[in-house]
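Below is one structure; the comments refer to it alone.
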Amino acid sequence: MLSIYNTLTRTKEEFKPINPPNVKMYVCGPTVYDYFHIGNARSFIMADIIRRYLEFKGYEVKYIMNLTDVDDRIIKKSISEKRDAKLVADDYSKAFFEDIQKLKIKPADVYPKATNHIEEIIDIIKKLEEKGFAYNIDGNVFYNVNKFPEYGKLSGKKIDELESGARIEINEEKKDPLDFALWKKAKVGEPYWESPWGKGRPGWHIECSAMSCKHLGETFDIHAGGNDLIFPHHENEIAQSEAATGKKFVNYWVHFGFLNINNEKMSKSLGNFFTARDILKIYSAEAVRLAFAQTHYAGPLNFSDELLASAEKGLEKLKNLAEKIEEEIKINRVDGIIPQLEFEKYKTNFEAAMDEDFNSPQACAVIFDFIRDVNRAIAENENINIKFYLSVKEFLRKTAEGVLGILDFSKASTQNDGALENDLIELLIKLRHDAKLEKNYALSDRIRNELKNIGIELQDSKSGTTYKKIKIKNVNILPPGEE
RNA sequence: GGCGCUGUAGCCAAGUGGCUCAAGGCGAAGGUCUGCAAAACCUUUAUUCGUCGGUUCGAAUCCGACCGGCGCCUCCA
């Protein structure tokens, strides 16, 4: 039984989809005004793991991630870069797709863009206006929060307390300082669309109401996003959608904890800002994913070189085993023994962990336990039947590869990519072998060391010598932490 | 001020009443294997869970107080 912590109720609840086995899930995507940063990456990756796990459980997931492609920040960027806002959005949209692919994030079923849904947005605003939830002041349309009695139910805020806070910007035009824009009147030079209220563009929150409704319906199962979106963004989405449809908007709200650098929020002004793109120049996507999966999605995560380096090391174990499995499957030994391993137990434990509000750290622990036990069986037995390796592969395919995305079996076989390179390395291995027979260890060690220097690591075993590619670098991206 | 998250070994991090008087990863120490390595395996590495009280047969886990870190309350994931 899967349970999920629901921000709306502040409790862990049993997950009951509206229409099983279908699950409808919406995740707030990027505003495409820049490369996304490693904090965004955490949200995207954890949402991806949740989606993959739902699929592992047999659900048919319809997964939607929006792109906000019209917004103040995009306009600002277009002014500073002196080019059309649409070009800015297109460029960074393209970069977004490149980056999520590198991060091994499964594509959404649809990536709706705000600018392709202007009609739907206008329709909702019209409906809100008709129902008395919205008012137009000179081409700016605002949502009147006082008309929605449940306003604040997601974030636990109360309208009067918010109003007493000093941090709310007072806009003379609004009836209430908390009212937010549904439609913004276009200023000179800004992108605009025609609407019943004149030329303008949608407010930020309304696009998610419009696009989720179009692609998932008026009520859907899961809505996820970063912690900071709880208020005001998701609160406002609820107010808009539920006022317009009269129905419950979302059953389960999932929010991701923040990623900090040196225990501080990442921000450009603090100079501790890293794009996912930059991180991926140094660390593998799998290491990033493992590092994130080893912390529960809802808690804070302190990002550091040490964290990623340690994940990269942990990943080695997994990759080494995967390579071993692929070799053995090629050898295809149909006799030999089949070590007894309780595969069902690991699967049960993995599922039990993930069922408990997507406890991926626990799930990782199950996988590492599994790796250790498999390696032990391999160390204790010779001549193992291929059936054993096939079972091991099956488990890792479903869990490490399928759910966590920290393994790629299609890359686990290094021996056969590039025939020439392979042949040359095999030749050197033979020469080294001959040197060893002559006890010319100076030469054999030199061959091994020099190969290692160019990124090829040799490993001797009873059955012969194998090699694998290793990374040579050791670069720090983060400034050293203060002591 | 309001709402929320958080304090577990050298570092990261699960566990939220008894099977766990504490998973897993990294690091460290010793060992097996090896010509030496590497990989892999084995052993060791928190009598203790921010502090102090309380509830209970029993608490890291519940309650209270205190100390500390962080976030949101501003179109930041």
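Each chain gets a letter, A, B and so on, in the order the sequences are listed, and its residues count up from 1.
Comparing the C1' positions of B/U20 and B/A9 gives a spacing of 16 Å, expressed to the nearest Å. Only the C1' atoms considered, B/G25 is 15 Å distant from B/U45, to the nearest whole Å. Distance check on atom C1': B/G15 versus B/G54 gives 24 Å, rounded to whole Å. B/C57 and B/A14 are spaced 28 Å apart, taking the C1' atom of each and rounding to whole Å. Here the separation of B/G7 from B/A46, taken at their C1' atoms, is 15 Å to the nearest Å. Taking atom C1' on both nucleotides, B/G53 is separated from B/C41 by 47 Å, rounded to a whole Å. Atom name P, nucleotides B/A60 and B/U47: the rounded distance is 13 Å, in whole Å.
Of the candidate nucleotides B/A23, B/G35, B/A77, B/A77 has the atom nearest to the side chain of A/His37. Here B/A23 is the nucleotide among B/G24, B/A40, B/A23 with the atom lying nearest to any side-chain atom of A/Gln362. With B/A38, B/G25, B/A14 as the choices, the nucleotide that has an atom nearest any side-chain atom of A/His296 turns out to be B/A14. Closest to the side chain of A/Asn320, from the set B/C3, B/A14, B/A40, is B/A40. Among the nucleotides B/C42, B/C26, B/C36, the one closest to the side chain of A/Arg432 is B/C36. The A/Lys436 side chain lies nearest to B/G35 when the options are B/C26, B/A38, B/G35.
In terms of phosphate contacts, A/Arg376 brings a side-chain nitrogen or oxygen within less than 4.0 Å of OP1 or OP2 of B/C42.
Between the CD1 atom in A/Ile371 and the CZ atom in A/Arg376 there is a gap of 13.5 Å [rounded to 0.5 Å].
A/Lys265 contributes no side-chain N or O that forms a donor-acceptor pair with the base of B/C70 under 3.5 Å. Scanning atom types as modelled, no donor and acceptor separated by under 3.5 angstrom connect the side chain of A/Arg42 and the base of B/A77. In terms of polar N and O atoms assigned as donor or acceptor, the side chain of A/Asn260 never comes within less than 3.5 Å of the base of B/G71 in a complementary pairing. The base of B/C41 lies outside donor-acceptor range of the side chain of A/Asp373, with no N or O pair under 3.5 Å. No hydrogens or angles were tested; on distance alone, a donor-acceptor pair under 3.5 Å links the side chain of A/Arg448 to the base of B/C36.
For the pair A/His255 NE2 and B/A77 C1', the computed distance is 10 Å after rounding to whole Å. B/C36 atom P lies 11 Å from atom CG of A/Asp445, rounded to whole Å. Rounded to whole Å, atom P of B/G1 lies 16 Å from atom NZ of A/Lys158. As a whole-Å value, the separation of A/Phe292 CZ from B/G25 P is 20 Å. A/Asn227 places its CG atom 9 Å from the P atom of B/C72, with the value rounded to the nearest Å. Look at CG on A/Leu301: it is 16 Å from P on B/C70, rounded to the nearest Å. With rounding to whole Å, A/Asp71 atom CG is found 14 Å from B/A77 atom C1'. Between A/Asn66 atom CG and B/A77 atom P the separation is 11 Å, expressed in whole Å.
Within the nucleic acid shown, A/Gly156 comes within 4.0 Å of sugar-phosphate atoms alone, with no base atom in reach, counting heavy atoms only. Among the protein residues, A/Gly39 comes within range of the nucleic acid bases, having at least one heavy atom under 4.0 Å from a base atom. Note on A/Asp460: a base of the nucleic acid sits closer than 4.0 angstrom, heavy atoms only. When heavy atoms are screened at a 4.0 angstrom cut-off, A/Ser444 is found touching base atoms of the nucleic acid. No engagement by A/Pro30 is indicated, since no non-hydrogen atom pair under 4.0 Å with the nucleic acid exists. At a threshold of 4.0 angstrom between heavy atoms, the contacts of A/Glu306 are confined to the sugar-phosphate backbone, with no base atom among them. The residue A/Ile378 sits apart from the nucleic acid: no heavy atom pair falls under 4.0 Å. A/Leu458 comes within 4.0 angstrom of a base, heavy atoms only. Across all strands shown, A/Phe258 has heavy atoms under 4.0 Å from base atoms, whether or not it also approaches the sugar-phosphate.
Between A/Phe256 and A/Tyr297, the ring-plane angle classifies as perpendicular under the 30° and 60° cut-offs. Ring planes of A/Phe303 and A/Phe292: tilted class, angle from 30 to 60°.
Side-chain contact of A/Asn320 with A/Lys468: a donor-acceptor pair under 3.5 Å is present, judged by distance alone. In this model, a donor atom of one side chain and an acceptor atom of the other lie less than 3.5 Å apart for A/Asp460 and A/Thr465. A donor-acceptor contact closer than 3.5 angstrom is absent between the side chains of A/Asn146 and A/Tyr151. In this model, no donor atom of one side chain and acceptor atom of the other lie less than 3.5 Å apart for A/Tyr33 and A/Asp72.
Between A/Asn375 and A/Pro300, the residue whose closest nucleotide on RNA chain B is further toward the 5' end is A/Pro300. Both A/Ser310 and A/Ser155 lie near RNA chain B, and the one whose nearest nucleotide falls closer to the 5' end is A/Ser155.
Residue ring and nucleobase are not stacked for A/Phe256 and B/A77 under a centre distance beneath 5.5 angstrom and an angle between planes beneath 30°.
Checked against a 6.0 Å centroid threshold, the rings of A/Tyr111 and A/Phe97 count as neighbours. Checked against the 6.0 Å centroid criterion, the rings of A/Phe142 and A/Phe180 do not qualify as a close aromatic pair.
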Subject >> Which nucleotides of RNA chain B pair, in dot-bracket form (Watson-Crick or G-U under 3.5 Å, | meaning another strand) >> reply: ((((((((.[[[..)..(.....]]]((((((.......))))))....[[[[[..)....]]]]])))))))....

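Without hydrogens or angle criteria, A/Asp69 side chain to A/Ala114 main chain gives a donor-acceptor distance under 3.5 Å.
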